[in-house]
Amino acid sequence: MPSLEIDNVKKSYDNFQALKGVSFRAEPGEFVVMVGPSGCGKSTLLRSIAGLETISSGAIRIDGRDIAHDDPSQRGVAMVFQNYALYPHMTVAQNMGFALKMAGRPKAEIDAAVQRAAQILRITEHLEKKPKALSGGQKQRVAIGRAITRSPDVFLFDEPLSNLDAALRSQMRIELGRLHAELKATMVYVTHDQTEAMTMASRIVVLNAGQIEQTGSPLELYNRPTNRFVAGFLGTPRMNFFAGRVVRQTGHSVSVQLPGVDINLELTLEGEGPGVGGEIVLGARPEALGGETGIEIAGTTAVVENLGREALVYVDAGALRTFDSESQEGYVAVHRSFQVESRFGAPTSIRLDASRLYAFGPDGRTIAFPHSL
Amino acid sequence: MSHSSSRMLDRWMSAGMLAPALLLVGVLVLIPSVLAVVGSFYEFGITSQNWVFVGLGNYARAMADPIFWTALKNNIFLIIGSIITQVGLGTLFAALLDRGVRRGNTFYRTMIFMPVIISSIAVAFVWILIFDPNVGPLNAVIKGVGLTPPRLGWLGDPNISLYMLLVIAAWQNVGFQMVLVLAGLQAIPKELYEAAALDGAKGWRAFVHITLPGIRNVLMVGTLICIIGGLKVFDLVFVTTGGGPANATQVIGSYTYLQAFTLGNMGYADALSVILLVVALGFGWLQLTLSRRG
Amino acid sequence: MNGRTRLVAIGMHLILTVWTIFVVAPIGLMLISAFKSQAEIFTKPLSLPGSLNLSAFQRAWNIGIGSFMLNSLLVTVLSVAVIITTSGLAAYVLARSEAKVMKWLYILIIASFAIPVQSVLVPLYQMVSGGHMLNSQLGIVLPYAAFGIPFTTVLFYAFFLEFPRELEEAARLDGCSRLQIFFRIVVPLSGPVVASAAIFQAVFNWNEFLLALMMLTEKSVRTLPVGIYGLTTQYSSDWPAIMAALTIATLPLLILFILAQRHFVRSLAGLGK
Amino acid sequence: MLMMPRMRALVAAATLATLAGGSALAQDAVTIKMWTLDNTGYPEFIAQAAEEFKKTHPNVTIEHQTFPGDPYKTGLQVALVGSDGPDVFFNWSGDDAKRLAKDGLALDLTSYADAPGAFGTTVGSGYLDAFRYDGKLYGVPADAVSKFVFYNTAYFAEHKLEVPKTLAELGTLCKSIRAIDPNTVPMPLGNKTRWKAIHWMTMLNERELGVAGTAPDYDLSRPADALYTDAGYAKAFQDLLDLQDAGCFEEAPNATDYTVADTMFSSQASPMEFCGSWCISGFETAGFTDVGFFRLPVVDGGRGDAGANFLVPEGFQVSAKTAHPQEAVDWLSFLVSDDQAAKFVEYTKFMPSNATKIDTVEGVSPLFKALAADVATFTQGVNVLDVLLDAAVSEAYLNATVEVLNRTMTPDQAVEAIRKVALEVQAKAAS
């Protein structure tokens, strides 16, 4: 299995820099998921790897060979498109065998490759149908099958599941995982859905505004995000952010005052703090606010999302409001591992435990992690 | 394959794919247009080799030529008239066929569309016969029911003949507009009507609030076709009235032909052509901006 | 069905029927007149022919309606083929290329769409004459093509803009060259727009009069409209023969249309999109 | 800027020539390309003549092309300017032929005319004069068309009607016919294409002013202050209106096709028609033989000449660009030679310019022979207005006549409108 190396790739259109020097390396057989908000450059990067875009500078290497200026069909990559991109005038078998046909391979070889791919994807009985006669999930399988037939060095997926409904999507996630295990191929997968990233990736690349924010395994990124962007991007619901001010600093230890509520929290910084009087952002994942320890802050229930066994409660914590969060009003999201009777205005509380908080400096870098991590 | 050579190849391929169309349009449409513009600054005949430069003289002459204004007015009359009759009736019939009548739709549609495929020369000949004041069936019918037909004839009375041209044009083109609109109507999802019915809009109000907005683009295309047809109209006038009586039904197309080929004023005819060109480009520009907005 | 809706339905049928009669009557007149004598046409305008006289058809045929039709067919098929091919290729490049010059080329093509034939009649005639192509099929096919290309290009351009780009990208990855993408992926999927454009241009070129009048003066190459117009000679017109000629010229198209009207209308509907 | 006009033609020709990628092949044999109108019998006549001509000129091939009436003039003019035009072509005498001579597109045939056997020796000088400009000969007259009032002899006999001697009597005759049956149109006009009434005006002008009286107005040689001021012109229009008031014409003559008018007479629905000598074949086709004719009558107090009648010579011109002028003239001379002129009558039923053997022609009706005999007695030929006049004046005359018949202009207004255009053209010619 070959490796894929992206080396300082830049791409600009007229006045807009879509990729500002991106580098990462996918080891052989790795399943790399690129995530980021829309417009972050993840699709541009994927399309550049495929050869559908020409990069302005940098190198794209497969097994050490720079393919950045090769013809798309010569790069040894196959791509699965968001809208399947099946040729409507060809049968499933023709769709899957088209690339080999264009490459001038003998018919027997094409048939064998198509058969093998169809078996892997369990679409053998659909081979003679036109794409129009297939369901969304079947179409997606054919699109994947078309990629498999080519036995490429690298598989590229461009948000392949976004057109499927929720149930089908989770099923396909599992199938793709199985496929990856079976083919042991190097795969690059683009999505804006962080659940897909978390569940499928062996490594996640978080892109933002044309730059890589962080790469690492899903748990690495979830537990130790290097900056506020990554911390906020991964995890549902998102991390709660509170804006605070440093009131005291001794060595790596600071006291932070949060607005409205008169509490001081002692944090242990990993690097330099912002200094006394400096702004600091505290981050708390919803599950970190529902514990038994820490400072209790009273509030009222605003919204309850009951998930059955557990619940997500949005708490109106008075003056302690989150910013940059999913709920506009600044309610604090708290995860409770038990059922909650939903009642608007019912009194409740959250607990801020300094050992379970993240802290971010004014430049967004993470300066403190929860103690357990 | 290196980066630059593949790009060059692509460029050559693009140029090669564009070339045939551009060559044809360039040589046979654009170069003659430029030549017409050049010619409009001169006075010369078809057979005359003696070109006299007159600057904007031909344009000044057009501005002072009452027949030019009549012709332009007639073009505009035909454009507006055909939009009203053709797009209007086409929409009406399409609406009736789409949601009104339940039986005989195919029959009606086939019949109404039929004249579209008949050559306009053929159409003109048949209508000349129909409109003939002495032996035509129309007058026979009119007299048969005790009415008096127009004294100067349907195509001979300057007050009537333009309307008759509209009738002939409508006869031929309503079917086309109808099919255009019908396609637009059938593209409107049925759920929209159901939703509108729930909101209390039915019949006429559903037509105004659902149907018309839904076929807006189609109506624009139909209107554009009428405009272009009304600007370019020639055959119909040339064969039925010849621009007469006494230039009353002259349009720019036929008047250009008259000036160029009957009277031999090629420079003046070129100037008329250029004016028509400018008007046509104006409408084209209008259409472009309108469609961009839409 | 209550009384009022029935009344409305009858009214709708009435409107359609009146127009249908209005449409059919002239065609019927043409048909009937072809069987009459010249005197019958003019003295008994509303009556049926006295006898089933086929001599007008014979005269019309002898004048060469058959060869006019063949010429029309040849000219139409050739010009439509040229229009579809060249416009398709050009529109595809225009719709896909991001170069600035393409935008200007497209505007140029839209502009030439607005140029009426009459505006360039004289220089055009001189060019065709200078190219020794008067009275040749090529001499009329090329101008027809040139004047058909802008509209068709605009039509195709709109279609290609909406054409799913991912299909083409998939084909690129599958190893297609630009030309292969066009012919193996885009063309097979352009059926409806090609049919619409072809029908529109075919009807237009089949019936075109002005250019044909100027360029095809020789009898052996005349197309139908000019051929029929030529039936009115300097000093006399044989009306039954004209009507017979019109009937001969029109009937095959009408029958073809009625047989294929479902497809015909459907593909024409593509124009509205 | 001075380069532009020439460049326009060059650019036009060069671009397409390149596009076509072709050039003419040199040929040993001579091909004469001939363009004519599409009149009945013409193609057959030319075909047999070409065959005959081969006997004396084995290397010459005649390539004959025919055209419908209206586009002919246009196509011809543009073709002559271009490089693909005919070597010899049909044309009307008058303004059309003159313009081509003036613009250097028609060959001066003077030096060829009087060679032994050439057309100058076989065609009468009256015909030749119709194609003479500035003393030079620019065409080979082949035939002429004339115009008469044809009438239904059986109808006249049945109702005891008499051939009128004056225009007033013609009006009275119309009234008598209307008295017999008000629905009978005495003499349909059919002026939809405008030339029928202009033929009337041609003759009415002659009847009022005489050929000599109209000539200086027609050729614009009269001083500007006197141009078209003769009261006779308005009077001629009034004569037409008087006939219309007398019920001679059909309803809405300006909307009636000439073929309708012709058919009304040949189908015997109308007893009279002012029609060309070419109409005879139409009568024959309709099986209508009870036809007599008379010249359009003179008017009381008019300056016209009863011996003068409508006569428009037609013929052939040679392109100034032809590569084979001698062969072209030989061919045309052959067409108007005694034998071929007789054949011409046989095929086309047109009045030949060379009537030497007309009596030997078979298959020609007595009516045609009588007509030919009458033409021979004309003291003066009257050329038709729309052929004779400058194109712009002609156009004005055509429209004025339409308006007079429609009663949207009085005769005086009509003459004024014509005079205005005539003055413009005269002033332009002078500058």
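Only heavy atoms go into these numbers, but all of them, side chains included; no hydrogens, no water, no symmetry mates. Since we're looking at a predicted model, the values are computed, not measured.
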Heavy-atom pairs under 4.5 Å with chain C are the metric here; pick the option from B/V174, B/L92, B/V123 that has the most.
-> B/V174
Residue B/I215 versus chain C: region with a heavy atom under 4.5 Å = neither
Please state whether the side chain, the backbone, both or neither of B/L30 comes within less than 4.5 Å of a heavy atom of chain C.
-> side chain
C/V93, part contacting chain B, at a heavy-atom distance under 4.5 Å | side chain
Counting only heavy atoms closer than 4.5 Å, note whether C/I109 contacts chain B via side chain, backbone, both or neither.
-> side chain
Mind ranking B/G104, B/G253, B/P20, B/S119 by heavy-atom pairs under 4.5 Å with chain C and telling me who comes out on top?
-> B/S119
Under 4.5 Å from any heavy atom of chain C - which part of B/I227 | neither
Counting only heavy atoms closer than 4.5 Å, note whether C/S112 contacts chain B via side chain, backbone, both or neither.
-> both
Under 4.5 Å from any heavy atom of chain C - which part of B/I275 = neither
Pick one of side chain, backbone, both or neither for C/F204, based on which atoms fall under 4.5 Å of a heavy atom in chain B.
-> neither
Comparing B/S33, B/P115, B/G16, B/G144 against chain C, the one with the most heavy-atom pairs below 4.5 Å turns out to be B/S33
Go through the steps for C/V82 and B/L24 under the test side-chain contact (heavy atoms from CB on, under 4.5 Å), then give the verdict.
-> CA-CA 10 Å; C/V82 173; B/L24 278 168; 3.8 Å; yes
